[in-house]
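First the structure, in the form of structure tokens, and then the observations on it.
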Amino acid sequence: MQSERLQSILDEVAAAAQADPDKGRVADYIPDLARVDPDQFAIAVARPGQPTLVAGDAATPFSIQSVSKVFTLAVALGKIGGHLWLRVGREPSGQAFDSMFLLEQEKGRPRNPFINAGAIVTTDAVLEGTEPKAALASILRFVREAAGDDAIHINESVAQSEIATGHRNFALAHYLLSHGNLQHPPELTLGTYFHQCAIEMSCTQLANAGLFLTACEDAPRMVSSSRIRRINALMMTCGHYDGSGDYAYRVGLPGKSGVGGGILTIAPGIASIAVWAPGLNHYNNSKLGTEAMQRLTDLTGWSVFGAPTD
Ligand code: GLU
């Protein structure tokens with residue numbers, strides 16, 4: 001698609017989002033996120049070898065939260081490969097991101113690596129034989145390299161804010177430990193997990209960081225192409241918690257959301273798209289972000305379920 005046409009689509013999508021009076025509700029269970037102004041919106045589209053196109057507050061950094069789980073999964077698979085699947089499943093959960101319910105029923109083996117319990121196990125796998133600082137550094141290094149941007153950093157205040165209030169995540173970690181599915185003390189694994197969630201990025205940086213998942217010829221080669229297919233499959237089926245089916249229906253592309261209001265979406269072979277609007281819908285996914293992605297894909301025709309328009 002021509003850049004001029006794509007830019008006018010982004011402007012249209014941003015204008016519609018900015019005009020919508022219903023912004024959703026910002027996540028308030030993490031004190032630092034409760035303070036974020038809901039009246040912000042950004043979208044960015046990265047395509048290899050072309051300037052990243054943006055609309056709205058695309059240079060404003062936000063807390064990527066669970067979008068980080070995509071990068072940590074890539075690092076964990078790089079480290080222990082398919083052994084990860086002995087500890088975590090690959091099925092949608094149909095439950096909230098922090099649900100305890102299935103974990104109890106399924107005896108401490110989380111349904112997938114994108115719900116909190118599964119992400120905690122995935123981070124625990126990255127920690128294997130490494131100091132927490134080095135494990136975190138490997139995740140941050142991966143993100144920076146994928147985005148081609150060494151300025152990407154962790155917001156320490158957001159991490160501390162979650163360490164102080166993340167009681168549900170502690171409960172999940174202790175439950176995993178009781179089933180022998182955590183190899184490190186909960187404070188240690190969660191310390192790493194909370195810091196990975198506290199990575200801050202702008203929409204432009206996040207869209208660039210997702211380029212490796214497009215499998216485009218000129219995209220950064222961070223993982224093998226078979227792994228790209230698998231990560232995208234998990235994003236499609238599990239990337240939006242109990243709203244994953246809804247996102248697949250509305251957007252038709254693999255995506256991963258975070259409670260900071262960011263969503264990373266991949267149009268395979270075409271583009272990496274980041275959207276950010278802090279207010280969430282009842283699935284705890286960005287309300288305006290989801291609607292914007294639906295509008296964008298309706299206007300571009302980008303979908304893994306139909307004939308692409310380019
Ligand atoms: N750090 C958040 C938590 O563990 C991530 C949740 C999300 O972004 O969906 O609660």
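All values reported here derive from a predicted model rather than from experimental measurement. Just so you know, residue 1 is the first one in the sequence shown, and it goes up from there. Start at 1 and go down the list; that is how both ligands and their atoms are numbered.
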Only one of E91, Q105, E106, Q95 forms a side-chain hydrogen bond (donor to acceptor under 3.5 Å, both in side chains) with R111, so which one is it?
E106
Ion pair present between K23 and D39, side-chain N to carboxylate O less than 4.0 angstrom?
yes
Stepwise salt bridge (charged side-chain N to carboxylate O under 4.0 Å, His left out) check, E291 with K287:
CA-CA 6 Å; E291 290 166 8; K287 185 214 170 249; 3.1 Å; yes
Tell me, do N284 and Y29 make a side-chain contact under 4.5 Å, heavy atoms counted?
no
K79 vs E128, salt bridge (charged side-chain N to carboxylate O under 4.0 Å, His left out): CA-CA, chis, key distance, verdict:
CA-CA 9 Å; K79 182 165 181 166; E128 231 174 87; over 6 Å; no
Using the test side chain to side chain donor-acceptor pair (under 3.5 Å), find all partners of T165 that sit at least two apart in sequence or belong to another chain.
none
What does the list of residues with a heavy atom under 4.0 Å from ligand 1 look like, ordered by chain and number?
Y29, Q65, S66, F97, N116, E162, N169, Y193, C197, Y241, G258, V259
